[in-house]
Amino acid sequence: MLALPYRAELHHNVPLNLEATLFCGQAFRWQKVADNAFQGVVYGEILRLTSRPNALLIESTASRINGKPLRDFAWIYLGLEDNLSELFSPSFISRYPHLYRGASKYFGLRLLRQEPFEALISFMCAQGIGIALIRRQVSLFSLLFGDFIAITEKSFPAPEVLAAARLSTLVKCANNNPIRAKNIRAVAHAVAKGELDLRQLSAPTCDFQTARETLLRYDGIGEKIADCVCLFGLGHREAFPIDTHVRQYLKEWFGIKTSTATLSSKTYRWLCDEARAILGKTNAGLAGQLLFHYWRKDIKGLTAF
DNA sequence: CCCCAGGCAGCGC
DNA sequence: GCGCTGCATGGG
């Protein structure tokens with residue numbers, strides 16, 4: 001395994017399920033490198049996280065990431081500030097004890113705080129195709145446009161690079177989908193120009209709906225993608241992305257049915273409201289992720305990583 | 001060959 | 001407002 005010069009240890013007494021967190025957070029470029037050890041690239045540095053009882057080993061190519069010491073960065077990136085003690089309300093637990101038991105297996109799943117631009121482009125690639133294909137697309141962006149960090153690792157490209165890229169190369173990254181490639185280039189251009197200010201959308205002063213509506217103005221970003229970017233890239237905890245799996249468990253577990261093949265905007269928002277009514281407004285995002293993971297792994301038998 | 005995979009936009013009605 | 005279809009590709 002690649003030797004990383006800087007290391008820190010985060011001693012904590014809060015629950016952390018690293019594998020579920022990285023998988024559900026859709027950090028598509030992260031890889032499992034050993035038992036309880038995962039490696040990724042964030043803000044142009046390699047980051048390796050190893051989970052131990054009540055401690056997290058942090059190793060990196062730099063002593064600071066995004067201007068913060070490794071310990072502080074990991075705390076924010078992994079969403080460890082969230083209080084999990086009231087994630088599921090007493091009324092939810094008494095009404096759905098079996099779901100509570102099932103989801104509790106993944107207690108310690110957190111909401112990632114990814115790099116906003118990488119999250120934005122990654123989720124634009126995650127439309128109606130399998131995880132393997134999504135991972136391939138996102139990796140190609142780094143392979144073709146990123147800068148070397150080490151022999152084996154590259155950064156995610158900057159907005160300026162993608163904005164100036166040849167369309168034919170972007171098409172390769174976008175699973176040969178020229179429409180998606182154009183959309184991605186247009187969004188990268190908007191970010192590069194400062195017209196789409198991701199830092200502003202992730203500021204505490206920016207509310208969720210404003211961030212969401214701003215993203216929705218761009219082609220290639222619909223309700224679900226906007227919610228994903230808000231939840232995992234911009235730190236808006238009340239976002240509740242509804243994909244095909246979430247739609248399935250809402251129907252199966254809570255009897256919330258939708259008839260049509262594709263969700264209209266209105267129906268999508270209605271489904272969100274129904275889910276928030278059950279899971280609680282402030283906890284819906286994280287609680288939904290636990291249910292999502294339980295549904296995928298235990299009910300559908302799909303594997304993470 | 002079918003349907004499904006962490007959807008979106010555009011079309012006809 | 002709706003419901004459907006094309007986009008694109010790999011796997012079951």
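We name chains A, B, ... by the order of the sequence lines, and we start the count at 1 in each one.
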Quick one: closest heavy-atom pair of A:Leu170 and A:Ala165, and the distance?
CG-CB, 3.9 Å

Members sharing A:Val33's hydrophobic cluster, built from side-chain contacts under 4.5 Å between Ile, Leu, Val, Met, Phe, Trp and Tyr, are A:Met1

List in numerical order all residues of residues 279-305 of chain A for which some heavy atom is under 4.0 Å away from an atom belonging to DNA chain B.
A:Gln289, A:Phe292, A:Arg296, A:Lys300

Using a 6.0 Å distance limit plus a 45 degree cone around the ring axis, check whether A:Lys154 lies over the aromatic ring of A:Phe148.
yes

Parallel, tilted or perpendicular: rings of A:Tyr106 and A:Tyr294 (30°, 60°):
tilted

Regarding A:Gln248, tell me which of base, sugar-phosphate or nothing describes its non-hydrogen contacts under 4.0 Å with the strands shown.
sugar-phosphate

5' to 3' contact window, DNA chain B with chain A (heavy-atom distance under 4.0 Å):
B:dA5 to B:dA9

When A:Asp219 and A:Ile131 are each assigned the nearest nucleotide of DNA chain B, the 5'-most assignment goes to A:Ile131

Touch check for A:Tyr218, heavy atoms < 4.0 angstrom, all strands: base, sugar-phosphate only, or nothing?
sugar-phosphate

Expected output is a numbered-order residue list: members of residues 223-239 of chain A with a heavy atom under 4.0 Å from any atom of DNA chain C. What is it?
none

Under 4.0 Å between any heavy atoms, over every strand shown, what does A:Cys125 touch: base, sugar-phosphate, or nothing? Just pick one.
nothing

Salt bridge check: are A:Arg276 and A:Asp273 linked by an N-O gap of less than 4.0 Å?
yes

Base, sugar-phosphate or nothing for A:Ile221? Non-hydrogen atoms, less than 4.0 Å.
sugar-phosphate

Spell out protein contact along nucleotides 6-12 of chain C as letters: B when the base is contacted, S when just the sugar-phosphate is, - when no protein heavy atom is under 4.0 Å; keep the 5' to 3' order.
--BBS--

Of the residues in residues 184-192 of chain A, which ones touch DNA chain B at a heavy-atom distance under 4.0 Å?
none

Have a look at A:Asn183 and say if it touches a base, only the backbone sugar-phosphate, or nothing, with a 4.0 Å heavy-atom cut-off.
nothing

